[in-house]
Enquirer: 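First, the structure itself, so that you have it in front of you.
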Amino acid sequence: MKKDIHPKAVPTKIIFQGKVIMETMSTRPEIHVDVWSGVHPFWTGEERFLDTEGRVDKFNKRFGDSYRLKKK
């Protein structure tokens with residue numbers, strides 16, 4: 001690696017709603033985030049699968065069997 005071309009890495013605090021979530025290394029001393037894995041529905045298990053229109057039925061109504069019938 002070349003000398004003196006890389007930014008300095010400093011200890012960094014990742015902050016979410018005023019609380020320090022984790023500490024890591026970065027070029028900035030503080031990083032404020034809006035979402036992190038501790039509150040995101042996918043990671044907390046609160047994810048809900050909504051199938052209000054019936055995706056399969058909607059697809060079949062729109063395309064029928066035409067997506068399977070490919071002319072060679």
Enquirer: Closest approach of Phe16 and Ile21, non-hydrogen atoms and distance?
Expert: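 So the two residues come closest at CB-CG1, 3.5 Å.
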Enquirer: Which Ile, Leu, Val, Met, Phe, Trp or Tyr residues join Ile15 in one cluster when any pair of side-chain heavy atoms under 4.5 Å counts as a link?
Expert: Val20
Enquirer: Quick one: which residue pairs count as a side chain to side chain donor-acceptor pair (under 3.5 Å) with a foot in residues 22-32, not counting sequence neighbours?
Expert: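 Residue pairs with at least one partner in residues 22-32: Glu30-His32.
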